[in-house]
Amino acid sequence: MIPLLVKHTSLLFPIYWRIAMQKIRIGMIGAGETGTPLLRQLLDASFVELVGVADLSNDQPGMQLAHDRGVHTTNDFMDIGRMDAAVDIIIDATGVAQVRDSLRRHFQASGNHHTVIMHETILLLMMSLSQGQLVSGKHGARDYD
């Protein structure tokens, strides 16, 4: 990896250029109607390592799919958050602001400046681009609180 220096809030942080990176490590929270279509694509992408999937119900289609493919599943979304820097991106497909708030608080308390929380709106954009048409979510308004 090639270290780069990026100025951020008047401090210099080393950023590692990820051209040589083996895989993007992703955790997904919410494995129902909204998250499962993207989950299928992530599982098939050779450059993605799915490190965990969380949902309140093991009966959700994405939980079954992840389990069948040998991916860690949990009913506690904070299990994914507590993986800290072992996760590059956490995809929040829940539509629940308290999930993002809990993750943010944990990252601040633990000093995790690495993991990015991907909002459901970005998930819907990615799915829409993949399908060539606008995909709507089932959670209604998607404000970023």
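These numbers come from the heavy atoms of this one structure, side chains and all, not from hydrogens, waters or symmetry mates.
A continuous path of Ile, Leu, Val, Met, Phe, Trp and Tyr side chains, each step under 4.5 Å between heavy atoms, connects L42 with F47, placing both in one hydrophobic cluster.
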> Which is it for M118 and L123 under the side chain to side chain contact (heavy atoms under 4.5 Å, CB included) test, yes or no, and what are the steps along the way?
Replying inline: CA-CA 7 Å; M118 189 175 103; L123 167 65; 3.8 Å; yes

> Would I89 and T115 count as a side chain to side chain contact (heavy atoms under 4.5 Å, CB included) if you check the C-alpha gap in whole Å, the side-chain angles of each, and the deciding distance to 0.1 Å?
Replying inline: CA-CA 5 Å; I89 301 168; T115 307; over 6 Å; no

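Applying the salt bridge (charged side-chain N to carboxylate O under 4.0 Å, His left out) test to D92 and every residue at least two apart in sequence or in another chain returns R100. D76 meets the side-chain hydrogen bond (donor to acceptor under 3.5 Å, both in side chains) test with R82; sequence neighbours excluded. Under the side-chain hydrogen bond (donor to acceptor under 3.5 Å, both in side chains) criterion, T36 pairs with no residue at all, not counting sequence neighbours. H106 meets the side-chain hydrogen bond (donor to acceptor under 3.5 Å, both in side chains) test with D84; sequence neighbours excluded. Scanning for side-chain hydrogen bond (donor to acceptor under 3.5 Å, both in side chains) contacts around S102 gives R105, with sequence neighbours left out.
Residue M28 holds its CE atom at 14.0 Å from OG1 of T73, rounded to the nearest 0.5 Å. L124 contributes atom CG, which lies 9.5 Å from atom NE2 of H119 (distance to the nearest 0.5 angstrom). Between atom CZ of residue F107 and atom NE2 of residue H113 there is a gap of 11.5 Å, rounded to the nearest 0.5 Å.
The 12-atom threshold is not exceeded at CG of L56, counting heavy atoms of other residues, nucleotides or ligands nearer than 6.0 Å.
When atom types are taken as modelled, the side chain of Q64 and the backbone of N58 share a donor-acceptor pair closer than 3.5 angstrom. In this structure a side-chain-to-backbone donor-acceptor pair under 3.5 Å is missing from T74 to D79. No donor-acceptor distance shorter than 3.5 angstrom exists from the side chain of T34 to the backbone of A93, with no hydrogens or angles considered.
Looking at every heavy atom in both residues, M126 comes nearest to L38 through CE-CD1, 4.3 Å. Taking every heavy atom of both residues into account, G32 and P37 meet most closely at O-CD, 4.5 Å. Contact record, I90 with V87: CG1-CG1, 3.7 Å, taken as the closest heavy-atom pair. Among all heavy-atom pairs drawn from A31 and V53, the shortest one is CB-CG1, 3.7 Å. For the residue pair I80 and A54, the shortest heavy atom distance occurs at CG1-CB, 3.9 Å. I26 approaches V48 most closely through the heavy-atom pair CD1-CG1, 4.0 Å.
Looking only at side-chain heavy atoms (C-beta outward), D88 and V116 stay at 4.5 Å or farther from each other. At least one side-chain heavy atom of L39 sits less than 4.5 Å from a side-chain heavy atom of L50.
For the side chain to side chain contact (heavy atoms under 4.5 Å, CB included) with M83, the lone residue among R25, M78, H72 that qualifies is H72. None of I91, L103, I122 except one satisfies the side chain to side chain contact (heavy atoms under 4.5 Å, CB included) rule with I117; the exception is L103.
Applying the side chain to side chain donor-acceptor pair (under 3.5 Å) definition to pairs two or more places apart or across chains, those involving residues 39-50 are Q41-S130, D44-R69.
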